[in-house]
**Student:** 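To start, I am sharing the structure in question, which I have written as structure tokens.
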Amino acid sequence: MYSFSPKLKSTSIILLVVGLVLFGIGFFMNKGISTEKIGEMMEAVHASGHTAPTHSSEMVGPQDHAAHLEHATLQVHNQPLAAIHFVAVFFFGVSCCVLFFYSIQHAAHAGWPIIITRVMEAIASYIPWGGAILIILMILNITHNGHLFHWMDPELTDPESAHFDVILFEKKRFLNIPFYAIRTFIYVLGASFFAWKLKAQSKKVDETKSKVEYQMLYRWAVGYIAFFGFASAAWAWDWLMSIDPHWYSTMYIWYSMVSCLSSGIAVIILLSVYLKKNGFLPQFNDNHLHDLGVFLFATSMLWTYTWFAQFMLYWYANVPEEVNYFFGRFQHYSPTFLPMLIVNFLLPLLVLVSSSIKRNYKVVTTMAVVVICGHILDYFNMVMPGTVGPYWNTPEVFLLVLGAILFVAGLFMFTVLSALSKLKLIPTGNPFLHESEIYEYPF
């Protein structure tokens, strides 16, 4: 039985508090930015010669100075909500992807990962908490206390308005506030239900050691796979891609999901190795680490494939309204956009390609941290350009992003480790437990 150490509990609470303080400071700094200051920031961006728009809305409606200043004002004041939004979506996605990975193992009757079953269940325990944050953000947006989603402005779908946008008018059947709110509740409540049900069923298998109950666990796992297949695609459209509703990509849903899946496997590695090194999970061995390392390597390469396929097709076609999505990131986000390929692709490729290195605890855990940081940067690049635009390289944005990451990471750590302390680490009722205990990779 794992015991949540007072030191780690204090660490997670400190992360929460420090994150809130930093976010609060950044929030008040942001609110203190005057219209005159925003005008100066806008002129500085224009004077730099970097005039590529980061959002399709900049090319629709009036193009005079007043319209540009209004848009810049919205972008600057989007900074707090955008900072917490990309972090909240990322960690919610990570926990849902871990539950997806868990369900795949049960659906495939895989024996090797049974030792880390409770680790994955504990990580999935964050889903309701992460979902609660997203519901709060959804309420702020639909009540127009936030402007992350351009399409929520009713003027844009009013044919009589000077700001009328025919593309958004055509997409109104899907991109409308009531349907968006309903879908958000479906994603959060559905994922939370499956997290609870799979944990409860797994516990029942332990208590009864019944093959019938194990069959029910298998069925619920298949059910979650089906739910996740729909939900992970739809929330990528709603929470990420609809930030720039003129642009769309058929690769985007896979790209955003694999980013979280790779990070989820990295979190499993960190937690499993932590338990191993502290004597709570001695059954976890080099062979389990090796297989997790294989999945970390494979998902990193899959992420690279989806990123490159999406980028290459748009860049080669060179259609202005499509390639603009990338061109704006090249101009305004050059320090973060392409350099993330180093941590998300190049380092995993060079380090994890060797089979023997995947048995090295220090190397694999270091790469797990690198991958998580790299994909947080990836989500930063997904959200910030379309919401904050070129006004991101400022002290208040640094404080807001750092505060949001520390707060959500602290909540994630506290929730996961608290859940783990209430679980029996070894699933003794699982019929594949012995196979996992004696598992040995043949190469």
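All values below were derived from every heavy atom in this structure, side-chain atoms included, with hydrogens, water molecules and symmetry-related copies excluded. These figures come from a predicted structure and were not determined experimentally.
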**Student:** If we only count heavy atoms from C-beta on, is the Phe27 to Leu399 side-chain gap below 4.5 Å?
**Tutor:**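 When only atoms from C-beta onward are counted, Leu399 and Phe27 do not touch, as no gap falls below 4.5 Å.
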**Student:** Which atoms form the tightest heavy-atom contact between Pro390 and His332, and what is the distance?
**Tutor:**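 So the two residues come closest at CB-ND1, 3.5 Å.
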**Student:** Between atom OG of Ser125 and atom NZ of Lys422, what is the distance when rounded to the nearest 0.5 Å?
**Tutor:**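 That separation rounds to 9.0 Å.
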**Student:** My understanding is that only one of Phe149, Trp237, Phe185 makes a ring-ring contact (aromatic ring centres under 6.0 Å, His included) with Tyr180; could you say which?
**Tutor:**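 By the ring-ring contact (aromatic ring centres under 6.0 Å, His included) criterion, Tyr180 pairs with just one of Phe149, Trp237, Phe185: Phe149.
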**Student:** For the NZ atom on Lys203, are there more than 12 heavy atoms of other groups (residues, nucleotides or ligands in this structure) within a distance under 6.0 Å?
**Tutor:**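 Atom NZ in Lys203 is not packed in, count stays at 12 or less.
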**Student:** Should we count OH of Tyr274 as having more than 12 external heavy atoms under 6.0 Å?
**Tutor:**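 Check passes, neighbour count above 12.
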**Student:** A side-chain contact here means heavy atoms from C-beta on lying under 4.5 Å apart; do Ile177 and His144 qualify?
**Tutor:**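 In short, these two side chains touch, coming nearer than 4.5 Å.
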**Student:** Without swapping roles, check the side chain of Lys358 against the backbone of Leu352 for a donor-acceptor pair under 3.5 Å.
**Tutor:**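 A pair under 3.5 Å: yes.
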**Student:** What is the ring orientation for Phe100 with Phe228, classed by angle as parallel under 30°, tilted 30 to 60°, or perpendicular over 60°?
**Tutor:**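 It falls in the parallel class, under 30°.
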**Student:** Mind listing the closest non-hydrogen atom pair of Ile127 and Phe92 along with its distance?
**Tutor:**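 The pair with the smallest heavy-atom distance is O-CE1, 3.5 Å.
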**Student:** Considering residues, nucleotides and ligands other than Phe398, do more than 12 of their heavy atoms fall under 6.0 Å from its CZ?
**Tutor:**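 Result for CZ/Phe398: open.
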**Student:** Between Arg329 (side chain only) and Pro385 (backbone N and O only), is there a donor and an acceptor less than 3.5 Å apart?
**Tutor:**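 Checking the backbone N and O of Pro385 against the side chain of Arg329, no donor-acceptor pair under 3.5 Å is found.
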**Student:** Under 3.5 Å, side chain of Asn176 to main-chain N/O of Lys172, donor-acceptor pair present?
**Tutor:**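 The answer is yes, because a donor-acceptor pair under 3.5 Å joins these two groups.
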**Student:** Is a side-chain donor or acceptor of Ser262 paired with a backbone partner of Val258 at a separation under 3.5 angstrom?
**Tutor:**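 Not confirmed, Ser262 side chain does not pair with Val258 backbone.
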**Student:** Can you pull out every salt bridge (Lys or Arg N to Asp or Glu O under 4.0 Å) where at least one residue sits in residues 98-118? Sequence neighbours excluded, please.
**Tutor:**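 As it turns out, the salt bridge (Lys or Arg N to Asp or Glu O under 4.0 Å) pairs with a partner in residues 98-118, which skip direct neighbours, are Arg118-Glu121, Arg118-Asp206.
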**Student:** Going by atom types only, do Tyr187 and Asp238 share a side-chain donor-acceptor pair under 3.5 Å?
**Tutor:**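 Distance-only check passes for Tyr187 and Asp238.
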**Student:** Can you tell me how far CD1 of Ile114 sits from CG of Asn430, rounded to the nearest 0.5 angstrom?
**Tutor:**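 Between Asn430 CG and Ile114 CD1, I get 4.0 Å after rounding to 0.5 Å.
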**Student:** Between Ser202 (side chain only) and Leu198 (backbone N and O only), is there a donor and an acceptor less than 3.5 Å apart?
**Tutor:**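 Looks like no, no N/O pair under 3.5 Å.
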**Student:** Under a 4.5 Å cut-off applied to non-hydrogen side-chain atoms, are Tyr224 and Phe193 in contact?
**Tutor:**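 No, their side chains stay 4.5 Å or more apart.
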**Student:** Taking atom types as modelled, find out whether Asn285 and His288 have a side-chain donor-acceptor pair closer than 3.5 angstrom.
**Tutor:**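 Looking only at side-chain atoms, His288 and Asn285 do form a donor-acceptor pair, the distance falling under 3.5 Å.
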**Student:** Determine whether a donor-acceptor pair (N or O, by modelled atom type, separation under 3.5 Å) exists between the side chain of Gln79 and the backbone of Trp392.
**Tutor:**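 Not confirmed, Gln79 side chain does not pair with Trp392 backbone.
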**Student:** Keeping to residues at least two apart or across chains, list the side chain to side chain donor-acceptor pair (under 3.5 Å) pairs with something in residues 395-412.
**Tutor:**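 Those involving residues 395-412 are Thr394-Glu396.
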**Student:** Would a 4.5 Å heavy-atom cut-off, applied to side chains only, mark Leu411 and Ile133 as touching?
**Tutor:**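 SC-SC contact between Leu411 and Ile133 confirmed.
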**Student:** How far apart are the C-alpha atoms of Cys96 and Trp235, what are their side-chain angles, what is the distance that settles it, and do they pass the side chain to side chain contact (heavy atoms under 4.5 Å, CB included) test?
**Tutor:** CA-CA 12 Å; Cys96 287; Trp235 78 53; 3.7 Å; yes
**Student:** Heavy atoms, side chains only, cut-off 4.5 Å: are Ser242 and Met152 in contact?
**Tutor:**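 No, too far: nothing below the 4.5 Å cut-off.
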**Student:** Where do Ile123 and Tyr102 land on the side chain to side chain contact (heavy atoms under 4.5 Å, CB included) test, with the steps shown first?
**Tutor:** CA-CA 10 Å; Ile123 295 169; Tyr102 167 93; over 6 Å; no
**Student:** Nearest 0.5 Å, what's the OH-CD1 distance between Tyr248 and Ile167?
**Tutor:**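 So the gap between those two atoms works out to 10.0 Å.
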**Student:** Take Tyr2 and Leu423 through the test side chain to side chain contact (heavy atoms under 4.5 Å, CB included) and record every step on the way to the result.
**Tutor:** CA-CA 8 Å; Tyr2 169 71; Leu423 296 170; over 6 Å; no
**Student:** Using 30° and 60° as the class boundaries, would you call the ring planes of Tyr439 and Trp112 parallel, tilted or perpendicular?
**Tutor:**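 Plane angle between 30° and 60°, so tilted.
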**Student:** Taking Lys362's backbone N and O only, do any of them form a donor-acceptor pair with Thr365's side chain (distance below 3.5 Å, no angle check)?
**Tutor:**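 Looks like yes, one N/O pair under 3.5 Å.
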**Student:** Once you measure the plane-to-plane angle for Tyr252 and Tyr325, does it fall in the parallel (<30°), tilted (30-60°) or perpendicular (>60°) bin?
**Tutor:**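 Tyr252 vs Tyr325 ring planes: perpendicular.
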**Student:** Can you list every salt bridge (Lys or Arg N to Asp or Glu O under 4.0 Å) pair that touches residues 269-295, not counting sequence neighbours?
**Tutor:**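 Residue pairs with at least one partner in residues 269-295: there are none.
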**Student:** Is the closest side-chain donor-acceptor distance between Thr387 and Asn78 under 3.5 Å?
**Tutor:**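 Side chains of Thr387 and Asn78: no pair found under 3.5 Å.
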**Student:** With ring-ring contact (aromatic ring centres under 6.0 Å, His included) as the criterion, how do Phe308 and Phe345 come out once you've worked through the C-alpha distance, each side chain's angles and the decisive distance to 0.1 Å?
**Tutor:** CA-CA 11 Å; Phe308 178 74; Phe345 164 60; 9.5 Å; no
**Student:** Which heavy atom of Ile265 sits nearest a heavy atom of Leu292, and at what distance?
**Tutor:**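 That would be CG2-O, 3.6 Å.
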**Student:** For a quick test of reading the model, state the closest non-hydrogen atom pair linking Pro427 to Thr117 and the distance between them.
**Tutor:**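 What the structure gives for the nearest pair is CG-CB, 4.1 Å.
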**Student:** Check for me whether the distance between the ring centres of Tyr379 and His375 falls short of 6.0 Å.
**Tutor:**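 No, too far apart.
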**Student:** Going by heavy atoms in the side chains, are Leu377 and Phe86 under 4.5 Å from each other?
**Tutor:**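 No; the side chains remain at least 4.5 Å from each other.
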**Student:** Would Gln310 and Ser249 count as having a side-chain donor-acceptor pair, cut-off 3.5 Å?
**Tutor:**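 Yes - a donor-acceptor pair under 3.5 Å links their side chains.
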**Student:** Just wondering, more than 12 heavy atoms not from Phe330 lying within 6.0 Å of its CZ?
**Tutor:**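 Buried by this count: over 12 neighbours within 6.0 Å.
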**Student:** With a sphere of 6.0 Å drawn around NZ of Lys209, does it hold more than 12 non-hydrogen atoms of other residues, nucleotides or ligands?
**Tutor:**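 Enclosed.
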**Student:** Which pair of non-hydrogen atoms, one from Ser436 and one from Ile115, has the smallest distance, and what is that distance?
**Tutor:**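 That closest heavy-atom pairing would be OG-CG1, 3.0 Å.
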**Student:** Assess whether atom NE2 of His434 is packed by more than 12 heavy atoms of other residues, nucleotides or ligands within 6.0 Å.
**Tutor:**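 Open: at most 12 neighbouring heavy atoms sit under 6.0 Å from NE2 of His434.
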**Student:** Evaluate the side-chain proximity of Pro348 to Val371: yes if any heavy-atom separation is below 4.5 Å, no if none is.
**Tutor:**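 The answer is yes, as the side chains (C-beta and beyond) meet within the 4.5 Å cut-off.
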**Student:** Determine the minimum heavy-atom distance between Gly389 and Gln75, stating which atoms define it.
**Tutor:**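 The answer is CA-NE2, 3.6 Å.
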**Student:** Does a sphere of radius 6.0 Å around NZ in Lys171 hold more than 12 heavy atoms from other residues, nucleotides or ligands, not counting ones at 6.0 Å or beyond?
**Tutor:**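 More than 12 within 6.0 Å, yes.
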**Student:** Without swapping roles, check the side chain of His85 against the backbone of Trp239 for a donor-acceptor pair under 3.5 Å.
**Tutor:**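 Yes: the side chain of His85 pairs with the backbone of Trp239.
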**Student:** Below 4.5 Å, heavy atoms only, C-beta onward: do Leu425 and Leu420 meet side chain to side chain?
**Tutor:**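 SC-SC contact between Leu425 and Leu420 confirmed.
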**Student:** Show your working on side chain to side chain contact (heavy atoms under 4.5 Å, CB included) between Leu417 and Leu271 and close with a plain yes or no.
**Tutor:** CA-CA 9 Å; Leu417 293 180; Leu271 190 50; 3.7 Å; yes
**Student:** Is it the case that the side chain of Thr415 and the backbone of Tyr126 share a donor-acceptor pair, with hydrogens and angles ignored and the cut-off at 3.5 Å?
**Tutor:**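 No; zero donor-acceptor contacts below 3.5 Å.
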**Student:** Please name the residue in the list Tyr255, Phe90, Phe337 that meets the side-chain contact (heavy atoms from CB on, under 4.5 Å) test with Asp378.
**Tutor:**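 For Asp378, the side-chain contact (heavy atoms from CB on, under 4.5 Å) test succeeds with only one of Tyr255, Phe90, Phe337, which is Tyr255.
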**Student:** If you count every heavy atom of other residues, nucleotides or ligands that lies below 6.0 Å from Phe311 atom CZ, does the total exceed 12?
**Tutor:**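 Counting other residues, nucleotides and ligands, CZ of Phe311 exceeds 12 neighbours.
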**Student:** Using the ring-ring contact (aromatic ring centres under 6.0 Å, His included) rule, take Phe23 and Phe407 through it: C-alpha gap first, then chi angles, then the decisive distance, then the call.
**Tutor:** CA-CA 9 Å; Phe23 189 86; Phe407 171 75; 8.2 Å; no
**Student:** Would you confirm whether Ser256, through its side chain, and Ile253, through its main-chain N or O, come within 3.5 Å as a donor-acceptor pair?
**Tutor:**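 Yes, because the side chain of Ser256 sits within donor-acceptor range (under 3.5 Å) of the backbone of Ile253.
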**Student:** Does a side chain donor of either Asn344 or Trp307 reach within less than 3.5 Å of an acceptor in the other side chain?
**Tutor:**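 The criterion, which ignores hydrogens and geometry beyond distance, is not satisfied for Trp307 and Asn344.
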